[in-house]
Visitor: 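I have a structure I would like to understand better, so I am pasting it below and will then ask my questions one at a time.
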Amino acid sequence: MDEVVKIVNDIKAGNIKPIYFLMGEEPYYIDKLSDFIEENVLTEDEKGFNQTVMYGRDVSMEEVISAAKRYPMMAERQVIIVKEAQDLSRYIDKFEAYAEQPTPTTVLVFGYKYKTLDKRKKVTKLIEKNGLVYESKKLYENQVGDWIKRVLQGKNYGIEPKAAAMLVEFLGTDLSKINNELEKLQIVLPKGTTISAQHIEENIGFSKDFNVFELRKAIGEKNQLKAYQIAKYFADNPKDNPMVLTTAQVFSFFVSLLQYHGLKDRNPKNVASVLKVNPYFLKDYDVALRHYPMKKVSSIVAKLRDIDVKSKGVGANALPTHDLLKEMLVTIFS
């Protein structure tokens with residue numbers, strides 16, 4: 001995020017590169033930087049003749065280079081943005097000659113999603129030398145909560161740890177999806193609000209009491225009554241709580257618990273880093289560690305593999321969700 005801020009500040013200060021190669025597994029910042037350049041480098045009057053948006057699937061590398069070599073009309077520079085540029089990956093070596101001597105009056109932006117250039121290749125080194133290469137890396141699950149907090153702070157909102165954890169739990173590490181939900185909340189909640197689990201439930205639809213991490217918490221506490229209540233809720237609402245995702249999350253919980261058992265350094269910061277979990281959930285793992293010895297955890301992990309296979313319909317096509325959930329909990333609590 002700091003690198004993104006620096007790129008934006010450099011552009012605002014007029015330090016604009018002739019090539020921006022934005023690549024990586026996390027598309028959120030690739031889109032954000034592309035959008036910023038598209039919206040801010042040229043004035044509205046200049047954009048009509050001097051701004052072009054292309055899509056990698058629709059153009060050749062030769063067409064991109066030809067457009068980049070043109071000169072601007074009644075403006076200091078032109079902007080060319082190539083979205084979904086990963087579709088040109090097979091032809092990237094054809095960009096070498098242009099990268100070696102880019103047109104100084106062109107700002108050429110590649111949005112190269114879900115892939116990265118080989119940093120050993122000549123074309124990559126030339127882009128780095130004469131332009132800018134930015135790699136947008138996927139955040140680990142335990143890093144996304146802090147990212148949510150920083151994004152909201154920048155917009156004068158706060159968020160409770162459980163609310164942030166709910167978003168990560170249900171939306172994963174896809175920053176674009178999370179940001180879309182945050183923007184929905186900002187429409188209905190006034191600035192200065194600290195977003196709570198209740199806000200998430202009321203405005204996004206995730207139940208704050210009947211969800212996967214509450215199920216994992218109940219399992220960790222060996223609170224069988226609550227675990228079975230949540231399981232019944234899941235069975236009654238299978239579309240919102242797919243069995244495949246439930247088993248995957250419970251399986252992941254016990255795999256992480258197995259790792260926790262094997263750690264010598266149990267400093268909370270180290271545990272969160274090694275297990276790649278949100279620090280907010282560490283107390284749940286601490287409780288589960290006391291209830292489930294290492295040998296028991298190993299046995300549960302092995303049995304959960306079988307239930308995961310059944311949840312995908314292999315060898316158990318007619319087995320309803322309720323029965324699978326019951327089998328999973330009996331396996332864990334027995």
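We number each residue from 1, following the sequence as shown.
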Visitor: Run the side-chain donor-acceptor check on residues 248-261: report pairs under 3.5 Å with partners two or more places apart or on a different chain.
Guide:
from, atom 1, to, atom 2, distance (Å)
Gln249, OE1, Arg216, NH1, 3.2
Ser256, OG, Ser252, O, 3.1
Tyr260, OH, Asp286, OD1, 2.4
His261, NE2, Tyr292, O, 2.7

Visitor: Does a salt bridge link Lys125 with Glu128, judged by any charged N lying under 4.0 Å from a carboxylate O?
Guide: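 Salt bridge between Lys125 and Glu128, a charged N being under 4.0 Å from a carboxylate O: no.
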
Visitor: If I take atom CG from residue Asp209 and atom CD from residue Gln229, how far apart are they, to the nearest 0.5 angstrom?
Guide: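 Taking CG in Asp209 and CD in Gln229, the distance rounds to 10.5 Å.
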
Visitor: Just so I know, are the side chains of Leu245 and Val212 near enough to count as touching, which here means a heavy-atom distance under 4.5 Å?
Guide: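 Result no, sub-4.5 Å side-chain heavy-atom pair not found.
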
Visitor: Is it the case that over 12 heavy atoms from other parts of the model lie below 6.0 angstrom from the CD atom of Gln224?
Guide: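 Correct, the count exceeds 12.
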
Visitor: Under a 3.5 Å distance rule, please check whether His291 uses its side chain to pair with a backbone N or O of Ala288 as donor and acceptor.
Guide: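 No, the answer is negative, given that no donor and acceptor are paired below the 3.5 Å cut-off.
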
Visitor: Rounded to the nearest 0.5 Å, what separates atom CD1 in Ile80 from atom CD in Gln51?
Guide: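 One finds 10.0 Å between CD1 of Ile80 and CD of Gln51.
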
Visitor: Report whether Leu126 and Phe21 are members of the same hydrophobic cluster (ILVMFWY, side-chain heavy atoms less than 4.5 Å apart, transitive linking).
Guide: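 Not linked; separate clusters.
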
Visitor: Return each pair, listed once, that meets salt bridge (charged side-chain N to carboxylate O under 4.0 Å, His left out) where at least one residue sits in residues 87-114; pairs must be two or more places apart or across chains.
Guide: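 Output for this query lists Asp31-Lys113, Glu62-Lys94, Glu84-Lys113, Asp93-Lys121.
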
Visitor: Assess whether a salt bridge exists between Asp146 and Arg150, defined as any Lys/Arg side-chain N lying under 4.0 Å from an Asp/Glu carboxylate O.
Guide: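 Salt bridge flag = no for Arg150 with Asp146.
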
Visitor: What are the two closest heavy atoms between Leu182 and Val151, and how far apart are they?
Guide: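 What the structure gives for the nearest pair is CD1-CG1, 4.4 Å.
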
Visitor: Report, one line per pair, each donor and acceptor closer than 3.5 Å where one atom sits in a side chain of residues 33-43; sequence neighbours left out.
Guide:
from, atom 1, to, atom 2, distance (Å)
Ser34, OG, Ile30, O, 2.9
Asn40, ND2, Phe36, O, 2.8
Thr43, OG1, Glu46, N, 3.2
Thr43, OG1, Glu46, OE1, 3.4

Visitor: Taking a hydrophobic cluster as the set of Ile, Leu, Val, Met, Phe, Trp and Tyr residues connected by side-chain heavy atoms closer than 4.5 Å, whether directly or through intermediates, do Ile204 and Val168 fall within one such cluster?
Guide: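 Shared cluster, yes.
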
Visitor: Does the side chain of Asn237 come within less than 4.5 Å of Asn241's, by heavy atoms?
Guide: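 Touching, per the 4.5 Å side-chain cut-off.
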
Visitor: Residues two or more places apart in sequence or in another chain: which of them pass side chain to side chain contact (heavy atoms under 4.5 Å, CB included) with Ser273?
Guide: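 Side chain to side chain contact (heavy atoms under 4.5 Å, CB included) list for Ser273, sorted by chain: empty.
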
Visitor: I'd like to know whether Val330 forms a side chain to side chain contact (heavy atoms under 4.5 Å, CB included) with Tyr228, so could you lay out the CA-CA distance, the side-chain angles of the two residues, the decisive distance to 0.1 Å, and finally the verdict.
Guide: CA-CA 10 Å; Val330 168; Tyr228 278 104; 3.6 Å; yes

Visitor: Of the non-hydrogen atoms in Leu171 and Glu181, which two are nearest, and what is the gap between them?
Guide: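 Scanning both residues, the minimum pair turns out to be CD1-CG, 3.6 Å.
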
Visitor: Under 4.5 Å between side-chain heavy atoms, hopping through other hydrophobics if needed: is there a path connecting Leu22 to Phe95?
Guide: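 Different hydrophobic clusters.
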
Visitor: Rounded to the nearest 0.5 Å, how far apart are CZ of Phe110 and CE of Met54?
Guide: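 Taking CZ in Phe110 and CE in Met54, the distance rounds to 9.5 Å.
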
Visitor: Apply side chain to side chain contact (heavy atoms under 4.5 Å, CB included) to Ser89 and list each qualifying residue two or more places apart in sequence or on a separate chain.
Guide: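 Side chain to side chain contact (heavy atoms under 4.5 Å, CB included) check on Ser89 returns Tyr112, Lys115.
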
Visitor: CZ of Phe333: more than 12 outside heavy atoms within 6.0 angstrom?
Guide: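 Correct, the count exceeds 12.
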
Visitor: Which of these, Ile127, Ile7, Asp10, Val109, sits in a side chain to side chain contact (heavy atoms under 4.5 Å, CB included) with Leu132?
Guide: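 Testing each of Ile127, Ile7, Asp10, Val109 against Leu132, the sole residue satisfying side chain to side chain contact (heavy atoms under 4.5 Å, CB included) is Ile7.
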
Visitor: Taking side chain as C-beta onward, heavy atoms only, is Ile300 less than 4.5 Å from Lys296?
Guide: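 Yes. Closest side-chain heavy atoms under 4.5 Å.
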
Visitor: When you compare the side chain of Thr247 with that of Arg305, does any pair of heavy atoms fall below 4.5 Å?
Guide: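 In short, these two side chains do not touch, never coming nearer than 4.5 Å.
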
Visitor: Looking only at non-hydrogen atoms, find the nearest pair between Leu325 and Ala235 and report the distance.
Guide: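 Looking at all heavy atoms of both residues, the shortest contact is CD1-N, 3.9 Å.
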
Visitor: Which heavy atom of Leu108 sits nearest to which heavy atom of Ala68, and what is that distance?
Guide: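 Smallest heavy-atom distance, with atoms named: CD2-CB, 4.1 Å.
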
Visitor: Could you walk me through whether Gln78 and Thr105 pass side chain to side chain contact (heavy atoms under 4.5 Å, CB included), step by step?
Guide: CA-CA 6 Å; Gln78 68 163 338; Thr105 53; 5.9 Å; no

Visitor: Please walk me through it: do Ile81 and Thr52 pass side chain to side chain contact (heavy atoms under 4.5 Å, CB included)?
Guide: CA-CA 6 Å; Ile81 298 171; Thr52 305; over 6 Å; no

Visitor: Would you say Lys326 has more than 12 foreign heavy atoms packed within less than 6.0 Å of its NZ?
Guide: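 No, the 6.0 Å shell around NZ holds no more than 12 heavy atoms from other groups.
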
Visitor: Just how far is it from atom CD of Gln186 to atom NZ of Lys191, taken to the nearest 0.5 Å?
Guide: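 These two atoms lie 6.5 Å from each other.
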
Visitor: Under 3.5 Å, side chain of Thr173 to main-chain N/O of Tyr140, donor-acceptor pair present?
Guide: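 No; zero donor-acceptor contacts below 3.5 Å.
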
Visitor: Would you name the heavy atoms of Ile159 and Ala163 that are closest together and state the gap between them?
Guide: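 Shortest heavy-atom contact: CG1-CB, 3.7 Å.
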
Visitor: Hey, is NZ on Lys149 packed in by over 12 heavy atoms from elsewhere, all under 6.0 Å?
Guide: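 It does not: Lys149 NZ has 12 such atoms or fewer within range.
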
Visitor: To the nearest 0.5 angstrom, please state how far the CG atom of Asp306 sits from the OG1 atom of Thr331.
Guide: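 Going from the CG atom of Asp306 to the OG1 atom of Thr331 covers 8.5 Å.
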
Visitor: Does a side-chain heavy-atom distance below 4.5 Å link Ile19 with Val133?
Guide: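 With C-beta onward as the side chain, the pair stays apart.
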
Visitor: Check the hydrophobic clustering (I, L, V, M, F, W, Y; side-chain heavy atoms under 4.5 Å; chains of links allowed) and say if Val277 and Val287 are grouped together.
Guide: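 Looking at the clustering, Val287 is in a separate group from Val277.
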
Visitor: For the atom pair CD1 (Ile92) and CD (Gln86), what is the distance rounded to the nearest 0.5 Å?
Guide: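 CD of Gln86 is found 11.0 Å from CD1 of Ile92.
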
Visitor: Can you tell me if Lys6 has over 12 outside heavy atoms packed within less than 6.0 Å of its NZ?
Guide: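 No, because the 6.0 Å sphere around NZ of Lys6 holds 12 heavy atoms or fewer from other groups.
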
Visitor: Applying side chain to side chain contact (heavy atoms under 4.5 Å, CB included), name anything that partners Ser299, two or more places apart in sequence or on another chain.
Guide: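 By the side chain to side chain contact (heavy atoms under 4.5 Å, CB included) rule, Ser299 matches Lys303.
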
Visitor: Counting distance only, does the side-chain N/O of Asn179 pair as donor-acceptor with the main-chain N or O of Leu175 below 3.5 Å?
Guide: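 Between the backbone of Leu175 and the side chain of Asn179 there is no qualifying donor-acceptor contact (under 3.5 Å).
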
Visitor: Please name the pair of heavy atoms, one in Ile307 and one in Met328, separated by the smallest distance, quoted to 0.1 Å.
Guide: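 The answer is CD1-CA, 3.4 Å.
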
Visitor: Within the distance-only criterion (no hydrogens, no angle test), does the side chain of Tyr157 pair as donor or acceptor with the backbone N or O of Ile195 below 3.5 angstrom?
Guide: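 No; judged by distance alone, with no hydrogens or angles, the pair does not exist.
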
Visitor: Look at the side chain of Asn270 and the backbone N and O of Asp265, then say whether any donor-acceptor pair between them is shorter than 3.5 Å.
Guide: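 Indeed, once roles are kept as given, a pair shorter than 3.5 Å links the two residues.
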
Visitor: Is a donor on one side and an acceptor on the other found under 3.5 Å between the side chain of Asn15 and the backbone of Ile11?
Guide: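 Judged by distance alone, no pair lies under 3.5 Å.
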
Visitor: Is Tyr29 reachable from Val107 through a run of hydrophobic residues whose side-chain heavy atoms are each under 4.5 Å from the next?
Guide: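 Hydrophobic grouping puts Val107 with Tyr29.
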
Visitor: Does any part of the side chain of Leu139, heavy atoms only, come nearer than 4.5 Å to the side chain of Glu26, both counted from C-beta?
Guide: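 Not in contact.
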
Visitor: Give a yes or no answer on whether the side chain of Glu221 reaches the backbone of Ala218 with a donor-acceptor pair at less than 3.5 Å.
Guide: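 Looks like no, no N/O pair under 3.5 Å.
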
Visitor: Would you say Tyr98 and Val64 make side-chain contact, with heavy atoms under 4.5 Å?
Guide: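 When only atoms from C-beta onward are counted, Val64 and Tyr98 do not touch, as no gap falls below 4.5 Å.
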
Visitor: Is there a side chain to side chain contact (heavy atoms under 4.5 Å, CB included) between Val4 and Tyr134? Walk through the geometry before answering.
Guide: CA-CA 8 Å; Val4 174; Tyr134 166 71; 3.3 Å; yes

Visitor: Just so I know, are the side chains of Arg77 and Asn50 near enough to count as touching, which here means a heavy-atom distance under 4.5 Å?
Guide: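 No, every pair of side-chain atoms sits at 4.5 Å or beyond.
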
Visitor: Please determine, by modelled atom types, if Glu135 and Thr116 share a side-chain donor-acceptor pair under 3.5 angstrom.
Guide: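 No - no donor-acceptor pair under 3.5 Å links their side chains.
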
Visitor: Does Phe281 have its ring centroid less than 6.0 Å away from the ring centroid of Phe213?
Guide: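 Yes, they do, as the ring centres are separated by less than 6.0 Å.
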
Visitor: Is Thr246 reaching over with its side chain to a backbone N or O of Pro242, donor-acceptor style, under 3.5 angstrom?
Guide: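 Present.
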
